[in-house]
Amino acid sequence: MPEFSLDLNEEQRDLRDWVHGFAADVVRPAAAEWDAREETPWPVIQEAAKIGLYGFEFLANAWADPSGLALCLANEELFWGDAGIGMAIFGTSLAVAAIYGSGTPDQMVEWVPQCFGDAADPKVAAFCTTEPEAGSDVASMRTRARYDEANDEWVLSGQKAYATNGGIANVHVVTASVEPELGSRGQAAFIVPPGTPGLNGAKKLKKLGLRASHTADVFLDDVRVPGSCLLGGKEALDARIARAREGRKAQGQAAMRTFELSRPAVGAQALGVARAAYEYALEYAKGRVQFGRPIIENQAIAFALADMRMEIDAARLLVWRAAWMGRNNRTFEAGEGSMSKLKAGEVAVAVTEKAVQILGGAGFLREHPVERWYRDAKIYTIFEGTSEIQRLVISRAISGTYIR
């Protein structure tokens with residue numbers, strides 16, 4: 001039996017160092033500019049594509065890591081560089097996760113490459129599920145999908161909110177209700193191909209953080225897509241709806257399968273933001289002199305930094321555990337995926353707030369990046385399941401009770 005170890009292997013260390021180098025040399029120097037411009041950093045996305053960091057081959061190789069850690073390592077390092085640019089680069093992976101989680105092999109081969117484009121002409125993709133009246137309450141989704149049997153087409157109508165890359169994406173993956181009376185069990189996911197009439201994105205939303213990442217509402221006005229664009233195919237959907245009507249146990253629904261695949265990676269993103277703030281505050285505390293000595297010599301500062309480091313390391317262990325479990329098909333019996341995202345998100349908020357406090361007045365200025373990291377961190381307690389929803393998932397899992 002092999003000895004238990006938390007050491008990364010050589011391949012994992014090389015991946016971590018490679019992504020860290022890109023984050024340090026390309027992402028960080030550009031971060032403040034793109035945050036201020038609040039525009040998609042296409043030149044940085046193209047640089048990532050040129051070195052192979054942006055593209056399906058990278059995701060496939062990372063996913064092939066049997067430990068499940070490769071994607072988490074890459075996310076932590078890239079988002080250590082900057083969360084807004086990191087999301088502009090890795091935001092496409094959420095749509096890819098939806099295709100991977102629900103699509104057939106033929107659909108993966110056809111659509112995943114179109115999510116990325118190539119280094120000469122990079123593209124992005126969008127996963128559109130949240131709605132104005134259906135965020136955490138996924139079962140209240142109002143976007144509808146109607147099958148036109150005569151033309152073998154699906155007709156999509158509705159509105160999606162807060163979609164990363166919404167409207168600028170080459171490929172949109174849209175969740176919709178096929179049988180509204182079945183709630184979330186009557187939903188499915190659809191590919192909307194490039195240039196499909198009827199899909200329109202509103203202008204980019206102005207956000208507190210992640211400003212370099214494009215977020216917009218998406219409107220679907222009788223959008224017609226071929227029958228082959230239903231992820232998983234109609235036969236599988238019909239069988240799933242039949243099970244739901246008979247009251248048999250569901251095998252999950254499209255949006256939740258995507259989030260289950262992505263939660264540890266999202267937790268790793270939050271860790272990158274937290275670690276960046278911790279490292280900056282630590283160096284600042286060593287150099288900032290007050291009352292004749294560096295402020296790190298004061299217990300109040302030193303203990304705060306100790307807590308920051310401890311919480312980051314604890315959150316990372318939860319993220320790594322969930323990533324390993326997901327990759328190795330272990331059941332999240334206690335909501336371990338939600339634990340990882342919940343802990344990492346709340347640690348990011350707490351650590352960045354402490355970093356601003358340690359810098360004092362300087363932390364409130366854009367001259368120092370901690371104010372940007374503080375703004376960026378907050379989204380990690382909100383998107384892909386709020387902290388409250390994560391606690392709901394965990395409490396239901398450990399109690400076996402349908403807690404409301």
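The shown structure was predicted, so the numbers you read here are calculated from the model rather than taken from an experiment.
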CA sep, side-chain torsions, deciding dist, call: Thr143, Gln159, side-chain hydrogen bond (donor to acceptor under 3.5 Å, both in side chains) = CA-CA 6 Å; Thr143 298; Gln159 177 184 353; over 6 Å; no
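- For the pair Phe22/Val19, no side-chain contact is recorded, criterion being any heavy-atom separation below 4.5 Å from C-beta on.
- Dense packing is recorded around CD of Glu297, with more than 12 heavy atoms of other residues, nucleotides or ligands lying under 6.0 Å away.
- Partners of Glu246 according to the salt bridge (charged side-chain N to carboxylate O under 4.0 Å, His left out) rule, which considers only residues two or more places apart in sequence or in another chain, are Arg248.
- Taking both residues in full, the closest heavy atoms of Ala163 and Val218 are given as CB-CG2, 4.2 Å, listed atom of the first, atom of the second, then distance.
- A donor-acceptor pair under 3.5 Å is absent between the side-chain atoms of His214 and the main chain of Glu39, judged by distance alone.
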Test side-chain contact (heavy atoms from CB on, under 4.5 Å) on Lys160 and Thr175 and set out the steps.
-> CA-CA 9 Å; Lys160 296 298 181 179; Thr175 56; 3.4 Å; yes
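- Salt bridge annotation for Asp35-Arg366: absent, with no cationic side-chain nitrogen under 4.0 angstrom from a carboxylate oxygen.
- Of all heavy-atom pairs between Gly135 and Thr130, the closest is CA-CG2, 4.0 Å.
- When each of Arg185, Arg146, Arg245 is tested with Glu179 by the rule salt bridge (charged side-chain N to carboxylate O under 4.0 Å, His left out), just one qualifies, namely Arg245.
- For the pair Leu365 and Glu371, the minimum side-chain heavy-atom distance is 4.5 Å or more.
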Mind running side-chain hydrogen bond (donor to acceptor under 3.5 Å, both in side chains) on Gln114 and Asn170 for me, showing each step along the way?
-> CA-CA 7 Å; Gln114 295 187 56; Asn170 195 48; 4.5 Å; no
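- Atom CZ of residue Arg144 and atom CH2 of residue Trp154 lie 13.0 Å apart, to the nearest 0.5 angstrom.
- The two residues Leu208 and Arg211 come nearest to each other via the heavy atoms O-NE, 3.3 Å.
- Atom OG of residue Ser228 and atom CG of residue Asp106 lie 10.0 Å apart, to the nearest 0.5 angstrom.
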Evaluate the criterion side-chain contact (heavy atoms from CB on, under 4.5 Å) for residue pair Tyr278 and Ile312; output intermediate values, then yes/no.
-> CA-CA 9 Å; Tyr278 157 74; Ile312 290 169; 3.7 Å; yes
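- Taking the side chain as every heavy atom from C-beta outward, Val96 and Leu59 approach each other to under 4.5 Å.
- Taking all atoms of both residues into account, the shortest heavy-atom contact from Leu392 to Ile403 is CD1-O, 3.0 Å.
- Asn165 contributes no side-chain N or O that, together with a main-chain N or O of Ile168, makes up a donor-acceptor pair within less than 3.5 Å.
- Side-chain contact check for Lys207 and Thr215: at least one donor-acceptor pair (N or O, by modelled atom type) lies under 3.5 Å.
- Side-chain contact between Arg275 and Glu76 is present, with heavy atoms from C-beta onward closer than 4.5 Å.
- Annotation: cation-pi pair Lys234/Tyr147 present, NZ/CZ under 6.0 Å from the ring centroid and within 45° of its normal.
- Checked by atom type and distance alone, the side chain of Asn298 never pairs as donor or acceptor with a backbone atom of Ile301 at under 3.5 Å.
- Here the side chain of Ser399 pairs a donor or acceptor atom with the backbone of Thr401 at under 3.5 angstrom.
- Among all heavy-atom pairs drawn from Ile45 and Ile89, the shortest one is CG1-CG1, 4.2 Å.
- Without hydrogens or angle criteria, Asp65 side chain to Ala70 main chain gives a donor-acceptor distance under 3.5 Å.
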Please walk me through it: do Val319 and Lys341 pass side-chain contact (heavy atoms from CB on, under 4.5 Å)?
-> CA-CA 7 Å; Val319 166; Lys341 194 266 183 182; over 6 Å; no
In residues 26-33, what donor-acceptor pairs under 3.5 Å come from side-chain atoms, sequence neighbours left out?
from, atom 1, to, atom 2, distance (Å)
Arg28, NE, Trp80, O, 3.3
Arg28, NH2, Trp80, O, 3.1
Glu33, OE2, Arg37, NH1, 2.9

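- At least one side-chain heavy atom of Thr164 sits less than 4.5 Å from a side-chain heavy atom of Ser213.
- For the 3.5 Å distance criterion, the side chains of Ser340 and Lys343 fail to qualify, holding no donor opposite an acceptor.
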Are Thr92 and Tyr54 close enough, and set up right, to give a side-chain hydrogen bond (donor to acceptor under 3.5 Å, both in side chains), and what steps lead you there?
-> CA-CA 9 Å; Thr92 292; Tyr54 183 72; 2.9 Å; yes
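- Put simply, the side chain of Val173 does not reach to within 4.5 Å of the side chain of Phe190, judged on heavy atoms.
- When atom types are taken as modelled, the side chain of Glu133 and the backbone of Met141 share no donor-acceptor pair closer than 3.5 angstrom.
- Electrostatic pairing of Glu10 and Arg13 does not count as a salt bridge here, judged by no charged N lying under 4.0 Å from a carboxylate O.
- Look at Arg330 and Glu336 and you find no salt bridge, because none of the NZ, NE, NH1 or NH2 atoms lies under 4.0 Å from a carboxylate O.
- Ion pairing between Glu283 and Lys286 holds under the 4.0 Å rule for side-chain N and carboxylate O.
- Across all their heavy atoms, Ala119 and Ala49 have their closest contact at CA-CB, 3.8 Å.
- One N or O on the side chain of Asp376 and one on the backbone of Leu210 form a donor-acceptor pair closer than 3.5 Å.
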Going through the checks in order, is the side-chain contact (heavy atoms from CB on, under 4.5 Å) test met by Leu317 and Leu6?
-> CA-CA 10 Å; Leu317 288 173; Leu6 288 174; 4.2 Å; yes
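- Counting only heavy atoms from C-beta outward, the side chains of Trp373 and Val356 never approach each other to under 4.5 Å.
- For the pair Glu131 and Arg142, the salt-bridge criterion is not met [side-chain N within less than 4.0 Å of a carboxylate O].
- Within 6.0 Å of CD on Glu353 lie more than 12 heavy atoms contributed by other residues, nucleotides or ligands.
- Salt bridge annotation for Asp148-Arg224: present, with a cationic side-chain nitrogen under 4.0 angstrom from a carboxylate oxygen.
- The local environment of CD in Glu367 is sparse, with at most 12 non-hydrogen atoms from other residues, nucleotides or ligands closer than 6.0 Å.
- For the residue pair Tyr100 and Trp63, a side-chain donor N or O sits within less than 3.5 Å of a side-chain acceptor on the partner.
- Residue pairs meeting the ring pair (Phe, Tyr, Trp, His ring centres under 6.0 Å) criterion with at least one partner in residues 377-404, sequence neighbours excluded, are Tyr380-Phe383.
- With hydrogens and angles disregarded, a donor-acceptor distance shorter than 3.5 Å links the side chain of Thr381 to the backbone of Lys378.
- Remark: Arg309 CZ is loosely packed, at most 12 non-hydrogen atoms of other residues, nucleotides or ligands lying under 6.0 Å away.
- Distance alone, capped at 3.5 Å, is enough to place a donor-acceptor pair between the Gln107 side chain and the Gly232 backbone.
- Defined by atom type and a distance below 3.5 Å, a donor-acceptor pair is present between the side-chain atoms of Ser387 and Glu346.
- Contact annotation: the side chain of Ile295 approaches that of Ile358 to within less than 4.5 Å [non-hydrogen atoms, C-beta and beyond].
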